[in-house]
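Lettering of chains follows the sequences in order, A, B, ..., and the numbering in each one begins at 1. Small disclaimer: the values here were computed from a predicted structure and weren't measured.
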Amino acid sequence: MGPLEGLVYGFGVALTPGNLFACFVGVLVGTIVGMLPGIGPVGAMALLLPSTFVLSPTTALIMLAGIYYGSMYGGSTTSILVNVPGEAASVVTAIDGYQMARQGRAGAALAVSAVGSFIAGSLGVLGIVLFAGWLAEAALQFGPPEYFALSVAGLAVLSRLTGGSVLVSLVMVGFGLAIGTVGMEPISGYRRFTFGSVQLSQGLELVPIIMGLYGVAEVLVLAEQGLRRSRIVPVALREMFPTREEWRRSSWPIARGSVLGFVTGLVPGPATVLATFLAYTVERRVSKTPERFGTGAIEGVAGPEAANNGATAGAMVPLLSLGIPFSPATAILLGALVIHGIQPGPMFITNQPAVFWGVVASMYIGNFLLLILNLPLVGVFVSILRMPQAMLSTFVLLLCLVGAFSLSNSMLDLWVLVATGLLGYVFRKLSIDPAPLIVAVVLGPVMEKTLRQTLFMAHGDWRLLVFRPISLTLFVIGALVLLGPPLAAALRRRTRVSAAVGS
Amino acid sequence: MRGRAWTLGFLGAAGAYLAASLTFPLGSVAKPGPGFFPVGVGVFLCLVAAAVTTAAMRGVPVGGEGGAPPAEARGRVAATVGGLVGFCLLLPWIGYAVCAFLFVALLLRYLGGVGWLGVLVTAGLSALVTHYVFGVILGVPLPRGPF
């Protein structure tokens, strides 16, 4: 099936009433969680995962993906109107977006943000169509050594790009890999770290860990801050039209942000957050009047908002074509597929055309629905923010508790939720991002399986692991990204010292 | 150094993990056993945790430079964690509906901003809606308790 034929087929799948409704629910929930400081898209996806067990895999993935990209739209609303980003990918939007709101241009900022997001999302869908098939074909060359190398390189890049200390990120990777070893070992059935518990033999569920680290931890942070009610800048529908000058200023930032976002999404790491900061920096660099940034420059809204939506589309490519998630959100999407007995990878597009093309087409439909939801109905969504935050936070916690229990009707999942929630709160206080831990929990079993397969195949000759062309390239990329900056800095220091001694 | 003592916690956890991993059959490089990968992870963890601790001792910023929250804020966090722990402890004994009602009511009352009527209505609705969605529609066997 060619890309165009596949896309037409996908629209046929996505436009069935059930899938269309799932897409609507997904983008609606995404918009709301994106707006509300609290649970966030990853927590919301984890929370709704149990409710997708009764759905078909296509419908489940359409809904969960809708939450993921829908949250990027919602996040901009609170950034612009309240100066409180609903999630991390909208932090940059608040810089100029809130300044625009204070100058009476909130409507224009929201409109440019929504249209930019729509364009980036739509271009991103085209990117998936073009890149996923190509990458899947290339991935047919991948054997266990390449998958092991890809996982190692992915975790190395993720550790470098996640904010804060690289060493601490590597510790997070280590703990994630360690958590992944809990339970029955897949080859011999040996029980590791189970302490005699039958429930622990199944291993630790990913979803309560994510809910705890993101959902519960966020509520604990809000509880610490005092759960205040937000002050909202009012916005009327008649103000929703940007001027011709504002459109002119926004067009190139939207185009640049879309491409930059998509490319960033392909790379392991906090793609949506990174893309917004990159887009903002690029726009300020190329601007002839960089001094306007920070005082209400519409380019500072258009570029980052396009970038975070482009990144959500880009992040789908490695998941769908390689079966490797590079972010917590795509790890949940992988979990949803695995629960339904589907393993994404190079043969995914061929073996599951309805799921792949249906989800891709639904993203286009979802972006259109989001445009409708986020422009005329922005006032309705904003009114949710008038609810007391204590009420919202308590309800979110209750949803996390019942959601975690419903995964396998196990009290163990509840205790994991509480423990990881407390851990996530401590991480937040220490400025530690838990994303490398989550991704390592998912990639750990893949790494163990492929490492042992390779060593079995090669009768213990480790050179098979390292010296195959693709795996060698991936290891070199990982090593360069991880060790390049400190080595370069050390080299610069040595050169300076030598120069000083010489003079 | 006192503010960075948490890095020693990393090192301790890494050491404990490695020690436990060494009790599993290691196998050989040609035939790796169940302990092969965990031992590798344990060694990696110990190395990076030791590097973080060393960096912290040398004054390199590794995170956690902010101070502790004020007592009142700590109280709110402790109350929320207490509510979560209480929910987990009581759920098998008193059932989901009562447990959810008590959890929402007590937490909402403590965290503030809502009057008693609002507390009771919100707690009742929250327990009812989540019980209906998860217990009835999704068929999750939520603990019933003695009721």
Colleague: When heavy-atom pairs shorter than 4.5 Å are enumerated against chain A, which of B/A123, B/A73, B/C88 gives the highest number?
Modeller: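 Most pairs with chain A among the choices: B/C88.
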
Colleague: Measure across A/P144 and A/M457 and return the closest heavy-atom pair with its distance rounded to 0.1 Å.
Modeller: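 Closest heavy-atom pair between A/P144 and A/M457: CG-SD, 4.1 Å.
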
Colleague: Given heavy-atom pairs under 4.5 angstrom as the criterion, report whether the side chain, backbone, both or neither of A/M172 touches chain B.
Modeller: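 Side chain of A/M172 only, per the 4.5 Å heavy-atom cut-off to chain B.
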
Colleague: What part of B/F36 gets closer than 4.5 Å to chain A, counting heavy atoms only: side chain, backbone, both or neither?
Modeller: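 Just the side chain, heavy atoms under 4.5 Å.
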
Colleague: Between chain B and each of A/N409, A/L177, A/L398, count heavy-atom pairs under 4.5 Å; write down the option with the most.
Modeller: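 With the most close heavy-atom pairs to chain B, the winner is A/L398.
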
Colleague: Can a donor-acceptor pair be found, under 3.5 Å and without considering hydrogens, that links the side chain of B/R109 to the backbone of B/V119?
Modeller: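 Pair absent, no side-chain N/O of B/R109 close to backbone of B/V119.
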
Colleague: Chain B heavy atoms under 4.5 Å from A/S406: which part of the residue, side chain, backbone, both or neither?
Modeller: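 A/S406 touches chain B through backbone and side-chain heavy atoms alike.
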
Colleague: Are A/F148 and A/K449 close enough that some pair of their side-chain heavy atoms sits under 4.5 Å apart?
Modeller: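 A side-chain contact under 4.5 Å is absent here.
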
Colleague: Looking at A/F456, I'd like to know if its CZ atom is crowded, meaning that more than 12 non-hydrogen atoms belonging to other residues, nucleotides or ligands lie closer than 6.0 Å.
Modeller: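 Enclosed.
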
Colleague: Need one label for B/Y96: side chain, backbone, both or neither, based on atoms under 4.5 Å from any heavy atom in chain A.
Modeller: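 Interface part for B/Y96: side chain.
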
Colleague: What part of A/M391 lies closer than 4.5 angstrom to a heavy atom of chain B: side chain, backbone, both or neither?
Modeller: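 Contact with chain B: backbone and side chain both.
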
Colleague: Do you know which of A/L451, A/L414, A/V402 has the most heavy-atom pairs with chain B at a distance under 4.5 angstrom?
Modeller: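 Highest number of pairs under 4.5 Å: A/V402.
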
Colleague: Can you tell if the side chain of A/D413 reaches within under 4.5 Å of the side chain of A/S408, non-hydrogen atoms only?
Modeller: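 A side-chain contact exists here, since the closest heavy-atom pair is under 4.5 Å.
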
Colleague: Side chain, backbone, both or neither: which part of A/V171 has a heavy atom under 4.5 Å from chain B?
Modeller: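 When you check distances to chain B, atoms from both the backbone and side chain of A/V171 fall under 4.5 Å.
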
Colleague: Among A/I179, A/L213, A/L204, find the residue that satisfies the side-chain contact (heavy atoms from CB on, under 4.5 Å) test when tested with A/T420.
Modeller: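 For A/T420, the side-chain contact (heavy atoms from CB on, under 4.5 Å) check succeeds only for A/L213.
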
Colleague: Could you tell me which portion of B/S126 (side chain, backbone, both or neither) has an atom closer than 4.5 angstrom to a non-hydrogen atom of chain A?
Modeller: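 Both parts, backbone and side chain.
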
Colleague: Between chain A and each of B/G33, B/A20, B/G135, B/C46, count heavy-atom pairs under 4.5 Å; write down the option with the most.
Modeller: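 So the answer, after comparing B/G33, B/A20, B/G135, B/C46, is B/G33.
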
Colleague: Side chain, backbone, both or neither: which part of A/F193 has a non-hydrogen atom closer than 4.5 Å to chain B?
Modeller: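 Backbone plus side chain of A/F193, per the 4.5 Å heavy-atom cut-off to chain B.
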
Colleague: If I measure from the heavy atoms of chain B, does A/M447 come under 4.5 Å with its side chain, its backbone, both, or neither?
Modeller: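 Both parts, backbone and side chain.
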
Colleague: With a 4.5 angstrom heavy-atom cut-off, could you sort out which part of B/L91 is near chain A: side chain, backbone, both or neither?
Modeller: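 Side chain only.
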
Colleague: Tell me, for A/V216 versus chain B, whether the close heavy atoms (under 4.5 Å) come from the side chain, the backbone, both or neither.
Modeller: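 For A/V216, side-chain heavy atoms alone lie under 4.5 Å from chain B.
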
Colleague: Please classify the contact of B/V133 with chain A as side chain, backbone, both or neither, using a heavy-atom distance under 4.5 Å.
Modeller: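 Looking at B/V133, nothing touches chain A.
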
Colleague: To the nearest 0.5 angstrom, please state how far the OG1 atom of B/T80 sits from the OH atom of A/Y425.
Modeller: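 Atom-to-atom, B/T80:OG1 and A/Y425:OH are 9.5 Å apart.
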
Colleague: Quick one: pull up CG in A/D433 and CZ in A/F427 and give me the separation to the nearest 0.5 Å.
Modeller: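 Answer for the CG-CZ pair, A/D433 versus A/F427, is 10.5 Å.
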
Colleague: Between the main-chain N or O of A/L49 and the side-chain N or O of A/T52, is there a donor-acceptor pair closer than 3.5 Å?
Modeller: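 Yes; judged by distance alone, with no hydrogens or angles, the pair exists.
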
Colleague: Is B/L45 close to B/L18 at the side-chain level, that is, under 4.5 Å between some pair of heavy atoms?
Modeller: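 Not touching, per the 4.5 Å side-chain cut-off.
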
Colleague: I'd like to know which of A/V173, A/L170, A/I432 tops the heavy-atom pair count under 4.5 Å against chain B.
Modeller: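 Answer, by heavy-atom pair count under 4.5 Å with chain B: A/L170.
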
Colleague: Given the rule in the side chain to side chain contact (heavy atoms under 4.5 Å, CB included) test, do A/E224 and A/R428 qualify, once you have shown the distances and angles that lead to the verdict?
Modeller: CA-CA 12 Å; A/E224 184 197 308; A/R428 289 282 298 268; over 6 Å; no

Colleague: Which atoms of B/L125 are under 4.5 Å from chain A, going by heavy atoms: the side chain, the backbone, both sets, or neither?
Modeller: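 Contact with chain A: none, neither part.
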
Colleague: Mind running side chain to side chain contact (heavy atoms under 4.5 Å, CB included) on B/R76 and A/Q225 for me, showing each step along the way?
Modeller: CA-CA 9 Å; B/R76 284 193 297 269; A/Q225 290 166 356; over 6 Å; no

Colleague: So for B/V41, is it side chain, backbone, both, or neither that comes closer than 4.5 Å to the heavy atoms of chain A?
Modeller: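 For B/V41, side-chain heavy atoms alone lie under 4.5 Å from chain A.
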
Colleague: Please lay out, stage by stage, how A/F175 and B/Y17 fare under the test ring pair (Phe, Tyr, Trp, His ring centres under 6.0 Å).
Modeller: CA-CA 9 Å; A/F175 281 127; B/Y17 177 82; 8.2 Å; no

Colleague: So what's closer than 4.5 Å to chain A heavy atoms on B/F44: side chain, backbone, both or neither?
Modeller: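 Just its side chain gets close to chain A.
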
Colleague: Please classify the contact of A/F395 with chain B as side chain, backbone, both or neither, using a heavy-atom distance under 4.5 Å.
Modeller: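 For A/F395, the contact with chain B is made by the side chain alone.
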
Colleague: With a 6.0 Å cut-off (strictly less than), is the heavy-atom count around OH of B/Y132, excluding the residue itself, greater than 12?
Modeller: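 Check fails, neighbour count at 12 or below.
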
Colleague: Please state whether the side chain, the backbone, both or neither of B/F134 comes within less than 4.5 Å of a heavy atom of chain A.
Modeller: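 Interface part for B/F134: side chain.
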
Colleague: Measuring heavy-atom distances to chain A, does B/S28 have an atom under 4.5 Å in its side chain, in its backbone, in both, or in neither?
Modeller: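 When you check distances to chain A, no heavy atom of B/S28 falls under 4.5 Å.
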
